[in-house]
Amino acid sequence: MKRSVVWLFVLLCGCITFAKEGQTVSSVPDRFLIARHTFIDVGPPNDFYEIILVRGTGSGTTIERVTLTPAGDACIQPPTVEVVSSAIPETLSVVLEGRNPCAISDKALRKELKRRKQGLVFSGAEISMHVECGGKERIIRADVLDRDMFDPKAATPENTSWTMRLLTRLDKAFPSGVLDRPIFAGLTESTLSTAPNADAARALGAGEYDRLFAGTPDRPSDLYRASQIPPPAPEVLLRSSEPFQPEKFVRPEYPPIARLARIEGAVVVTFQVDANGGVTDTQFESGHPMLRPTVTNAVNEWKFPKEAADHRIKATIDFKTNCPSKAR
């Protein structure tokens with residue numbers, strides 16, 4: 001990653017140049033960078049940011065991907081930064097389908113970008129390939145529109161289609177992408193959560209990637225800093241248990257869906273203690289229905305002293321999300 005970050009810094013410090021019609025172009029590059037801003041109309045989050053570093057090697061192609069995801073819910077789904085690496089056996093020439101990015105016509109690219117003005121766009125991706133051509137940086141832009149993604153007769157133009165195929169090939173090197181994530185992320189454990197290493201963290205924090213996403217709703221440096229702030233931890237507390245306290249106490253789990261919905265408050269439950277100190281005949285006096293099953297599961301594991309046998313216990317359990325109220 002360190003060499004890739006250094007290469008990125010050198011690349012971004014270059015000047016922008018464009019391929020002209022009939023101009024002699026440089027040889028096929030041995031590395032390039034792709035910045036992809038994916039936006040969808042289902043969320044939050046509605047925006048995802050990826051920096052993909054691609055380099056040809058003697059044995060194939062290496063790929064490093066940085067993914068930055070804004071907060072979907074500040075309490076249960078905070079901003080995240082993921083850095084993963086992979087390699088594929090295909091040479092860079094095969095990955096590029098034998099095409100030279102430096103030879104793509106600037107006129108053709110401008111023509112394809114005008115499609116965005118033709119009809120509404122609700123979802124899609126803004127993509128830029130940053131590649132060194134003749135010692136200078138060239139930025140190749142492509143807009144993938146929702147009709148390119150979902151319409152079987154999208155009539156996607158040549159260079160945009162090539163960009164989509166290229167990204168599909170690169171994405172297959174990883175177990176999942178941003179569009180594979182659940183709508184309600186945070187309700188289950190993530191299967192991909194790799195913290196950035198020191199070099200990537202420094203580059204993100206210093207804003208070295210920010211210019212890749214000019215005009216987007218978020219800056220990578222802001223997302224990185226926000227991802228370093230841990231979300232508030234929820235609390236589940238036993239306020240009272242009368243007339244006896246449990247000898248063995250199992251704390252109820254806070255249901256993720258209840259946290260997402262900002263459901264909290266007291267749950268009052270009563271139950272009978274049997275001769276072995278176990279709990280039977282659980283009944284609720286108050287408390288949100290979404291919190292009751294987890295309380296039942298927990299109190300069924302409680303144990304009470306012998307003198308509590310044949311007594312009815314009344315327990316009050318407090319659930320606190322410790323999250324700010326959602327804006328209405």
Side-chain angles (χ1 to χ4, degrees), residues 1 5 8 12 33-53 64-84 116 120-128 130 141-146 149 167 170-171 174-197 200-234 256-257 259-262 321-328:
M1 172 61 83
V5 172
L8 170 63
L12 294 185
L33 175 151
I34 291 179
R36 175 169 55 185
H37 165 223
T38 302
F39 55 95
I40 58 177
D41 57 354
V42 177
N46 302 97
D47 299 271
F48 303 88
Y49 304 87
E50 296 167 279
I51 300 125
I52 305 171
L53 303 164
E64 295 171 327
R65 186 182 70 185
V66 180
T67 303
L68 301 105
T69 306
D73 180 280
C75 187
I76 195 172
Q77 192 180 355
T80 60
V81 178
E82 300 165 346
V83 180
V84 289
R116 190 161 186 168
L120 297 176
V121 178
F122 298 100
S123 302
E126 298 167 333
I127 298 161
S128 61
H130 300 249
R141 279 283 313 278
D143 283 353
V144 175
L145 311 180
D146 39 17
M149 300 165 65
L167 284 167
L170 298 176
D171 287 338
F174 303 100
S176 64
V178 296
L179 295 182
D180 299 317
R181 301 182 181 195
I183 294 177
F184 296 108
L187 300 185
T188 59
E189 292 295 325
S190 172
T191 58
L192 179 62
S193 181
T194 306
N197 60 32
R202 182 201 57 77
L204 287 166
E208 293 179 14
Y209 296 109
D210 287 357
R211 70 171 291 231
L212 301 177
F213 299 98
T216 60
D218 308 279
R219 295 191 303 179
S221 58
D222 292 337
L223 292 176
Y224 169 71
R225 286 188 285 269
S227 72
Q228 303 307 295
I229 303 172
I257 190 71
R259 289 180 59 199
L260 186 64
R262 297 292 201 276
T321 64
N322 292 324
C323 294
S325 300
K326 284 186 174 181
R328 295 185 181 276

Non-hydrogen atoms of [X] and [Y] that approach each other most closely:
{"X": "Phe213", "Y": "Glu50", "result": "CZ-O, 3.5 Å"}
{"X": "Asn322", "Y": "Pro232", "result": "O-CB, 3.3 Å"}
{"X": "Thr216", "Y": "His37", "result": "CG2-ND1, 3.6 Å"}
{"X": "Cys323", "Y": "Arg262", "result": "CB-NE, 3.5 Å"}
{"X": "Met149", "Y": "Gly124", "result": "SD-CA, 3.6 Å"}
{"X": "Pro45", "Y": "Pro70", "result": "CB-O, 3.7 Å"}

Rounded to the nearest 0.5 Å, how far does [atom2] of [Y] lie from [atom1] of [X]?
{"X": "His130", "Y": "Leu53", "atom1": "NE2", "atom2": "CG", "result": "11.0 Å"}
{"X": "Glu64", "Y": "Phe174", "atom1": "CD", "atom2": "CZ", "result": "8.5 Å"}
{"X": "Glu126", "Y": "Leu145", "atom1": "CD", "atom2": "CG", "result": "10.0 Å"}
{"X": "Leu204", "Y": "Leu223", "atom1": "CG", "atom2": "CG", "result": "9.5 Å"}
{"X": "Asp210", "Y": "Asp218", "atom1": "CG", "atom2": "CG", "result": "10.5 Å"}
{"X": "Phe39", "Y": "Asp47", "atom1": "CZ", "atom2": "CG", "result": "8.5 Å"}

Under a 3.5 Å distance rule, please check whether Ser123 uses its side chain to pair with a backbone N or O of Asp41 as donor and acceptor. yes

Main chain of Phe122, side chain of Asp146: is a donor-acceptor contact present, judged purely on distance under 3.5 Å? yes

Between Arg65 and Glu82, does any side-chain N to carboxylate O distance fall below 4.0 Å? no

How far apart are the C-alpha atoms of Ser227 and Thr80, what are their side-chain angles, what is the distance that settles it, and do they pass the side chain to side chain contact (heavy atoms under 4.5 Å, CB included) test? CA-CA 5 Å; Ser227 72; Thr80 60; 5.6 Å; no

With a 4.5 Å limit on heavy-atom distance, are the side chains of Arg36 and Asp171 in contact? yes

Checking Leu212 against Leu33 for the side chain to side chain contact (heavy atoms under 4.5 Å, CB included) test, could you report, in this order, the C-alpha distance in whole Å, the side-chain angles of both residues, the deciding distance, and whether it holds? CA-CA 10 Å; Leu212 301 177; Leu33 175 151; 3.9 Å; yes

Between Val81, Leu68, Thr67, which is the residue that forms a side chain to side chain contact (heavy atoms under 4.5 Å, CB included) with Tyr49? Leu68

